[in-house]
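In the text below, chain A, chain B and the rest are named by the order of the sequence lines, each starting its count at 1.
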Amino acid sequence: MKITLPDRSVRKLEVGSNGLDIANDIGPGLAKAALAVSVNGIQKDLCDPINEDSDVSIITIDSDEGLEIMRHTLTAQVLARAVKNLYPDAKLAIGPTIKDGFYYDFEFVKPIAPNDLEKIEKEMQKIINSKSAIIKKLHSKKDALKVFSSNAEPYKESIINESEQEDNFQLYYQENDEFVDLCRGPHLPSLKHIGAFKLTKLAGAYWKGDSKNKMLTRIYGTAWKNEKDLNAYLESIEEAEKRDHRKIGKEMNLFHFQEEAPGMVFWHPDGWTVYRLLQDFMRDKLREFDYQEINTPLVVDRKLWEASGHWDKYRENMFITEIDEEHANEKRTNALKPMNCPCHVQVYNQGLKSYRDLPVRYAEFGSCHRYEASGTMHGLMRVRGFTQDDGHIFCTEEQIESETKLFIELLSQTYRDLGFKNFDIKLSTRPEIRVGSDEVWDKAENALESAIKKLNLPFEIQEGDGAFYGPKLDFVLTDAIGREWQCGTFQADFNLPERLDAEYVGEDGKKHMPVMIHRAVLGSFERFIGVLIENYSGKLPFWLAPVQVIVATIISDVDDYAEEIIHSLEETGIRCDSDLRNEKISYKVREHSSKKVPIILVVGKNEKNDRTVSIRRIGSNNTEMLDFKIALKQINEENNILS
RNA sequence: GCUCAUAUAGCUCAGCGGUAGAGCACUUGCUUGGUAAGUAAGAGGUCACCGGUUCAAGUCCGGUUAUGAGCUCCA
């Protein structure tokens with residue numbers, strides 16, 4: 001048979017040869033490094049026979065595929081076996097690979113604690129040191145069930161029982177050991193190919209991810225081809241921890257949370273300065289793109305939420321308020337708005353709209369409240385009270401495409417200005433449960449898709465992930481250390497305008513229903529500020545820094561000169577402060593550096609005499625002596641980069 | 001919401017049945033010092049909240065609330 005390698009070269013091998021034979025045919029080095037084989041794009045074990053002409057590539061640890069197979073073997077063969085050795089009563093559930101690592105779910109009789117991980121790691125190392133070969137055996141459903149029922153592995157039995165296949169259940173063994181696990185494979189040919197690993201954490205997880213099922217214990221780990229890669233990964237985790245916005249927010253005194261208002265931000269002066277600056281920035285952008293800013297009520301009668309469908313579909317996430325009947329003669333049920341859309345339709349509905357008025361673009365920095373489940377809150381990233389940079393566009397179906405284009409322009413400008421160079425677009429298409437006819441969906445999906453295509457932007461399709469009222473585009477930005485954050489969204493809605501009777505008079509003089517587009521660029525100010533803090537690790541761009549300049553004196557004789565500088569800076573609108581305290585200059589520099597003040601101007605006797613300043617920028621240990629007037633000009637130029 | 005963990009001074013944390021501790025921050029002295037911590041002293045706590053065990057509870061046991069890591073949601 002003919003075996004075609006990735007470089008298109010062809011080798012002839014006997015029918016029934018396996019991946020190892022092919023690797024050997026190519027060279028002994030490759031045979032040694034081979035972990036598995038990809039046959040016509042499907043991963044197979046090295047021992048699997050190949051019976052017909054095929055495209056084959058040998059998988060080694062140097063590919064992502066190889067790394068994943070190693071992680072898979074590590075969890076399913078090594079971690080699982082180690083746990084069974086130490087806790088014979090533990091039950092095996094599943095153990096897949098995930099980004100950068102793997103996990104395995106177990107049911108323990110007695111719960112284990114995080115410091116048991118070390119013990120398990122040692123046991124794993126012992127198993128790896130045996131360098132055992134891994135042996136695959138194929139079993140019929142009946143035999144496979146027998147193996148796991150005699151091993152008392154109910155989760156494995158349940159997986160087999162639910163499987164549609166009757167034969168060829170793959171069971172993996174290790175030489176000289178009774179351990180066995182059911183697995184889709186492929187696995188390493190032997191444990192000597194395992195690289196460097198570390199068990200990282202312990203957490204609960206539901207069997208099959210369903211909260212109605214039993215909670216299992218999940219052990220997480222990370223694994224790499226060598227120590228160097230493992231350490232690099234562990235360092236990157238540390239780096240992410242250092243950037244945690246909750247930690248930096250505390251250090252910079254930007255905001256806090258407290259028990260009486262879980263999930264609601266208490267913004268401190270400096271944090272609120274950042275918030276306002278970001279909002280002003282957004283306001284300018286929206287004006288540029290012809291939005292009209294509006295403002296709508298926070299507390300709205302349930303009648304509107306019934307009409308919009310939120311009362312039915314979203315009530316469990318809403319804060320509902322009752323008026324105290326003892327003090328008022330009326331009984332009303334209100335809800336804090338979880339979204340702004342129904343209110344925006346109310347504004348749209350005031351006065352008759354003509355097709356000539358469309359598109360109507362309303363924007364609101366809408367304060368929304370959602371009762372999020374208690375376990376989901378996370379600093380500024382997931383809160384119960386937040387403000388969206390929300391907007392709704394009422395337009396005709398024909399206008400969807402041009403509105404998409406305009407929105408993407410607005411969004412990419414905004415992200416670029418805020419320092420994010422890359423973002424990905426995801427197009428989510430019709431879900432199974434949806435409203436509206438297929439023709440309308442066709443139109444909406446095509447409009448979104450062709451608009452992105454015309455802009456030459458790459459995008460990924462997420463089938464069936466759209467909102468029930470329409471398809472959507474999600475915008476995911478990448479931060480300075482490669483993490484992804486979903487911020488912007490653009491959703492076409494054919495449902496709410498109908499429910500809430502939005503209309504316009506068309507060219508034909510008849511009434512028509514407009515399409516409503518829900519859109520946000522930042523998502524929410526709270527979350528976006530969290531992303532900004534983590535992206536810049538607190539060192540915000542000059543124009544966004546809450547305190548931009550500190551003038552620090554070396555001796556008290558120059559206090560008057562420092563005040564003069566502050567006065568000039570303030571006159572040009574720079575947010576600044578002086579530090580005249582009786583402290584050494586290195587103490588002052590340290591303090592303001594740790595508060596991430598972008599510029600520290602140090603003045604002493606020399607500076608006062610020469611009317612200069614010593615300028616020191618955050619992130620640099622260098623200082624530069626500049627004429628005070630020139631420094632002032634420079635600082636102002638820097639501040640105006642965006643305006 | 002679920003599982004596990006955590007809650008001690010403004011911050012970071014130690015203490016784990018017998019008078020509440022450290023470093024930093026804060027206040028007050030001394031110090032006027034040239035780019036990431038000068039120096040001494042002082043002040044600072046219903047040990048999250050409610051209940052239980054005990055002669056005695058930050059300390060042990062329940063419960064509540066919040067936070068953290070996951071899960072599940074959400075986008």
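- Residue A:G488 is out of contact with every strand shown, counting any heavy-atom pair closer than 4.0 Å.
- The environment of NZ in A:K595 is sparse: at most 12 heavy-atom neighbours from other residues, nucleotides or ligands sit within 6.0 Å.
- Rounded to a whole Å, the CD atom of A:Q258 is 15 Å from the P atom of B:G68.
- When distances are taken from the side chain of A:R382 to each of B:A69, B:C2, B:C73, the shortest belongs to B:C73.
- Looking at the side chain of A:T376, the nearest of the listed nucleotides B:C73, B:G70, B:C2 is B:C73.
- Considering only side-chain N and O atoms, A:H378 lies nowhere under 4.0 angstrom from the phosphate OP1 or OP2 of B:U67.
- Remark: A:K426 does not engage A:D474 in a salt bridge, criterion side-chain N to carboxylate O under 4.0 Å.
- Remark: B:U65 base-pairs with B:A7. Criterion, Watson-Crick or G-U wobble with two distances under 3.5 Å.
- OP1 or OP2 of B:G1 sits under 4.0 Å from a side-chain N or O of A:S374.
- You won't find any donor-acceptor pair under 3.5 Å spanning the side chain of A:Y371 and the base of B:G1, going by distance alone.
- Shown here, B:U59 forms no base pair; nothing in the strands shown gives a Watson-Crick or G-U wobble contact with both key distances under 3.5 Å.
- Look at A:K250 and you'll find a side-chain N or O under 4.0 angstrom from OP1 or OP2 of B:U12.
- Looking at heavy-atom distances under 4.0 Å, A:Y220 makes contact with sugar-phosphate atoms alone, never a base.
- Remark: B:C73 base-pairs with no nucleotide; criterion is Watson-Crick or G-U wobble with both hydrogen-bond distances under 3.5 Å.
- Remark: A:T222 pairs with A:W224 by the side-chain hydrogen bond (donor to acceptor under 3.5 Å, both in side chains) rule, at least two apart or across chains.
- Salt-bridge check for A:E403 with A:R519: failed, with every basic side-chain N at 4.0 Å or more from each acidic carboxylate O.
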Expected string for nucleotides 32-51 of chain B under the B/S/- scheme (protein heavy atoms, under 4.0 Å, primed atoms plus P, OP1, OP2 as sugar-phosphate) is BBBBBBB-------------
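- Using a 4.0 Å cut-off between charged nitrogen and carboxylate oxygen, A:E591 and A:R581 count as a salt-bridge pair.
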